[in-house]
Amino acid sequence: MSQVTITLPDGSSRAVSTGTPVRDIAAGISAGLAKAAFAAIVDGTLVDLSCPLQRDGSVRIVTDRSPEALPLLRHSTAHLMAAAVTNLYPGAQCGIGPATDEGFFYDFIVDRPFVPEDLEAIESKMKELAQQDLPYERQLWPRDEAKAFFTKRGEPLKVQLIEEKTEGQKEVSCYTIKDKETFIDFCVGPHVPSTGKLKAFKLLSASNAYWKGDARNAPMQRIYGTAFLSDKDLKAYLTQIEEAKKRDHRKIGREQKLFMFHQWAPGAAFWLAKGTTLWNTLADYMRGTLFPAGYVEVKTPIVFNKALWETSGHWQHYRQNMFLIQESESEPLALKAMNCPGHFLVFASEGRSYRDLPIRFHEQTPLHRKEASGVLSGLTRVRQLSQDDAHCFVMESQIAEEVERLLRLMQRVYSDFGLKYSVRLSTRPPDFLGAIETWNHAEASLKQALEQANQTYTIDEGDGTFYGPKIDVDVTDAIGRKWQCATFQLDYQMPERFDLKYIGADNAEHRPVVIHRAIFGTFERFIGLLIEHYAGAWPLWLAPVQAIVLPISDRHQEYAGRVRDRLAAAGLRVEVDVRQEKIGYKIREAQLQKVPYMLVTGDREAAEGTVSVRGRSAGDLGARPVDAFIADALDEIRRKEPGARAPQPEAAET
RNA sequence: GCUGGCGUAGCUCAGUCCGGUAGAGCAGCUGAUUUGUAAUCAGCAGGUCGGGGGUUCGAAUCCCUCCGCCAGCUCCA
């Protein structure tokens, strides 16, 4: 009998007979490993434990501690769910059922949508199947036989998948879970050895989806669920979902009276007084950051003639996303969906010298995008939005340095908010415009800039825009969710379209390169992100109300008013709670509003010229002279605490 | 835009299945209380039941339609 030699991660090797399943390797190492084994990686490929070893190579056993385990487990859980569904709803057709970042889903064609009771029933069935510890058995079927089988079983979608995914193959792999009914699914695998490995899962929601995500195809019902390696992890995830609900910016926005929506202006926020204060704080912060970095602020029109959009190409490519104004006597007009064309006109409005470059136009005016009604969502997806937009006009030789400056700017901004982030470089797509050398140079410049700025990044091959490569930044908030915020895009096309030029040192005309860039992204989305990041407990420098004066009784109103005036004169955002309520009541309200400082003023304070300071999270801090409090507060604002520190979710504050 | 769910007082929600002219808590207002670190007591007021149309003697409730919100799909220069 022939033998193969396999190498283990510790460098040791052993010889086994050809065709030995990897399971036996695990068993040969230790009984514990065999028990903990989920799958194996043979020569870099993830395979089932049942996979027979055919040639010499490396073997690593995947256990619950391996990074590969979780997606594998979730994929297997999706199969388990499909088994439960076909068992409970005969005639249900299966689509696809992959693992996702947060769990898994599986799509089905069924007679009616799933309701919550269905999910409970399916979950119970899954638990039952898991308890029986049924093996996931891999079978290789002749391709034609598999097609015939699924055709006969009334699963045309599976037949279609086999045809598309296994063209030219003689055999296809299928997995079975054998209960009273046998569930068979076409799938490359691999899977956990048996359903007993699936111990911590939960179905979360059902919704509509389309076969292959295309609305022209058959409508399907998708069930989402999640699975983890332990109950503890599952519970932690469910707790996090609860926490996310508590932090929902729509809820906190209403509670703190930051913004509102009205059905007569869908997708456009009304900024209430406190929200406007917050907005202005952010807008001024950004101005204060950009001005020293060499930016100038401009304001360009909101409505433009169609001609502008034809020049920019938006009329051809983006018109369906723009609000058009059609008046009988004029050419069509359109509300701007981006600032760039306006900035190009400003750039072109005077002769530009190489000595002037880089030129950086910053603009915060509102933009309008006609988003489909179904995608609107709170502040995160709106029709009226404002960006911390800017366009940098540079010489090609300046790209790397300019992008490096941008990266450093971004690093500073996010650290001021205590936000972590990750950076992606998106490179040339298949349908690019322009010369390939230009692209190569641009991509090299971006990489150079990333390295110079000490910025780690990943590469999204082929995900750039058709007019240039870009850098996208995903911000991670205090509870680990990602939000796409900053974006830096190189653009060689628009300068052509708008015939932008500058006079170089050689006294000849040259084409500048444009960098489209934003750091917040949009104010709307960024504020939504910040609300959820801080859970409404604003650091002092951002808080719409930084301090509230709480007089103990009516006779302290006058003193409270004087305290308020002094704080306001120092530039602090301060209010007084003048209601005839007990101090405990006023404190409770202020706590719920998450006002950073509560200043209790009674007889003692009025007599001594002090305030008794209560911190939102620190509690009673004792009496302090008014001036001392002001000085401390201004210092805290200047240092942007606590946002400048590692974000500490104040979840304990309810 | 598509699929499903939802829309009742400022907010959170009950009432809708089985049609009989709207209910709670909080917020608000008034009065009493003058309060020392997370809810003082009492009273009052507040609603075109998302809009329009229909069925019916009678519609928050049943039907049609439009709008909005939520989840998901698709989209996101």
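Any value given below was found using the heavy atoms of this structure, including those in side chains, with hydrogens, waters and symmetry copies removed.
A/Arg383 comes within 4.0 angstrom of nothing in the nucleic acid, heavy atoms only. Across all strands, A/Gly622 comes closer than 4.0 Å to no nucleic acid atom at all (heavy-atom distances). If you check every strand for non-hydrogen atoms under 4.0 Å, A/Gly374 touches a base. Across all strands, A/Arg369 comes closer than 4.0 Å only to sugar-phosphate atoms, never to a base (heavy-atom distances). Residue A/Ile583 is in sugar-phosphate contact alone, with no base atom involved, counting any heavy-atom pair closer than 4.0 Å across all strands shown. Using a 4.0 Å heavy-atom cutoff across all strands shown, A/Ser373 reaches at least one base atom of the nucleic acid. Nucleic acid contact class of A/Asp603 (heavy atoms, under 4.0 Å, all strands): base. Heavy atoms of A/His317 sit under 4.0 angstrom from at least one base atom. Nucleic acid contact for A/Glu581: base, since at least one base atom lies under 4.0 Å from a heavy atom of the residue. Within 4.0 Å of A/His314, counting heavy atoms only, lies at least one base atom of the nucleic acid. Using a 4.0 Å heavy-atom cutoff across all strands shown, A/Arg555 reaches sugar-phosphate atoms only and no base atom.
Nearer the 5' end of RNA chain B, as judged by each residue's closest nucleotide, is the contact made by A/Phe261, out of A/Phe261 and A/Gln489. Annotation: of the two residues near RNA chain B, A/Glu605 and A/Tyr318, the 5′-most nearest-nucleotide partner is A/Glu605.
Across all strands shown, B/A38 has no partner, as no Watson-Crick or G-U wobble contact with both distances under 3.5 Å is found. Across every strand in view, B/C26 sits in a pair with B/G10 that passes the Watson-Crick or G-U test at under 3.5 angstrom. Base pairing annotation: B/C76 forms no Watson-Crick or G-U wobble pair, as no partner gives both donor-acceptor distances under 3.5 Å. Searching all strands for a Watson-Crick or G-U wobble partner of B/G4 with both distances below 3.5 Å returns B/C70. The nucleotide B/U56 finds no pairing partner, because no Watson-Crick or G-U wobble arrangement with both distances shorter than 3.5 Å includes it.
One atom, OH of A/Tyr559, and another, P of B/G36, lie 18 Å apart when rounded to the nearest Å. When rounded to the nearest whole Å, the span between CD of A/Glu589 and C1' of B/C26 equals 10 Å. With rounding to whole Å, A/Arg497 atom CZ is found 16 Å from B/A77 atom P. Atoms CZ (A/Phe344) and P (B/A77) sit 16 Å apart, rounded to a whole Å. For the pair A/Asp248 CG and B/A71 P, the interatomic distance rounds to 8 Å; values are reported in whole Å. At whole-Å resolution of the value, CZ in A/Arg579 and P in B/U40 are 11 Å apart. Rounded to an integer number of Å, the gap from A/Phe488 CZ to B/A77 P is 17 Å. As a whole-Å value, the separation of A/Gln320 CD from B/C76 C1' is 11 Å.
For the P atoms, the distance from B/G1 to B/U65 is 15 Å, rounded to whole Å. Rounded to a whole angstrom, the distance from the C1' atom of B/G46 to that of B/G10 is 10 Å. Taking the P atom of each, B/U56 and B/A9 are spaced 30 Å apart, rounded to whole Å. Taking atom C1' on both nucleotides, B/C11 is separated from B/C18 by 31 Å, rounded to a whole Å. When the C1' atom is compared between B/C44 and B/A27, the two are found 15 Å apart, to the nearest whole Å. Look at the P atom in both B/G4 and B/A59: the space between them is 29 Å, to the nearest Å. B/G20 and B/A24 are spaced 22 Å apart, taking the C1' atom of each and rounding to whole Å. Separating the C1' atom of B/A22 from that of B/G47 is a span of 8 Å, rounded to the nearest Å.
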Check: protein-nucleotides 10-13 of chain B nitrogen or oxygen pairs below 3.5 Å:
residue	atom	partner	partner atom	Å
B/U12	OP1	A/Arg254	NH2	3.1

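With sequence neighbours excluded, the residues that form a side chain to side chain donor-acceptor pair (under 3.5 Å) with A/Asp474 are A/Arg424. The side chain to side chain donor-acceptor pair (under 3.5 Å) search around A/Tyr237 returns A/Glu102, not counting sequence neighbours. In this structure A/Arg579 satisfies the side chain to side chain donor-acceptor pair (under 3.5 Å) test together with A/Asp577, A/Glu589, sequence neighbours excluded. With sequence neighbours excluded, no residue satisfies side chain to side chain donor-acceptor pair (under 3.5 Å) with A/Arg525.
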Can you give each donor-acceptor pair under 3.5 Å made by side-chain atoms of residues 268-277 of chain A, sequence neighbours left out, with the distance rounded to 0.1 Å?
residue	atom	partner	partner atom	Å
A/Thr276	OG1	A/Trp271	O	3.2
A/Thr276	OG1	A/Leu272	O	2.9
A/Thr277	OG1	A/Ala273	O	3.0

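Here the nucleotide nearest the side chain of A/Ser612, chosen from B/G36, B/U40, B/C73, is B/G36. The nucleotide whose nearest atom lies closest to any side-chain atom of A/Arg614 is, among B/A38, B/G1, B/A27, B/A38. Considering only side-chain atoms of A/Val375, the nucleotide from B/A77, B/G1, B/G68 that sits closest is B/G1. Relative to the side chain of A/Tyr585, the nucleotides B/C69, B/A77, B/U40 differ in distance, and B/U40 lies closest. With distances taken from any side-chain atom of A/Tyr467 to the nucleotides B/G28, B/G1, B/A77, the minimum falls on B/A77. When each of B/G50, B/U35, B/G72 is scored by its nearest atom to the side-chain atoms of A/Gln263, the top-ranked nucleotide is B/G50. Ranking B/U34, B/A38, B/G50 by closeness to the A/Asp554 side chain, first place goes to B/U34. Among B/U40, B/C69, B/A77, the nucleotide with an atom closest to any side-chain atom of A/Pro266 is B/C69. Counting only heavy atoms from C-beta on, A/Ile587 has its side chain closest to B/U37 among B/U37, B/U34, B/G36. The side chain of A/Leu376 has B/C69 as its nearest neighbour among B/C75, B/C69, B/A39.
Ring planes of A/His314 and A/Tyr318: perpendicular class, angle over 60° (limits at 30 and 60°). Classification of the A/His516-A/Tyr467 ring pair by plane angle, with boundaries at 30° and 60°, yields tilted.
Salt-bridge annotation for A/Asp472 and A/Lys470: present, with a side-chain N of the basic residue lying under 4.0 Å from a carboxylate O of the acidic one. Looking at A/Arg511 and A/Glu496, a side-chain N of the basic residue comes within less than 4.0 Å of a carboxylate O on the acidic one, giving a salt bridge.
Contact annotation: A/Arg250 reaches the phosphate of B/A71 (side-chain N/O to OP1 or OP2, under 4.0 Å).
Considering A/Phe304, A/Phe498, A/Phe361 in turn, A/Phe498 is the only one that fulfils the ring pair (Phe, Tyr, Trp, His ring centres under 6.0 Å) rule with A/Phe344.
A/Gln316 and A/Trp309 share no donor-acceptor pair across their side chains, judged by distance under 3.5 Å alone. No side-chain donor-acceptor contact under 3.5 Å links A/Gln364 and A/Ser386.
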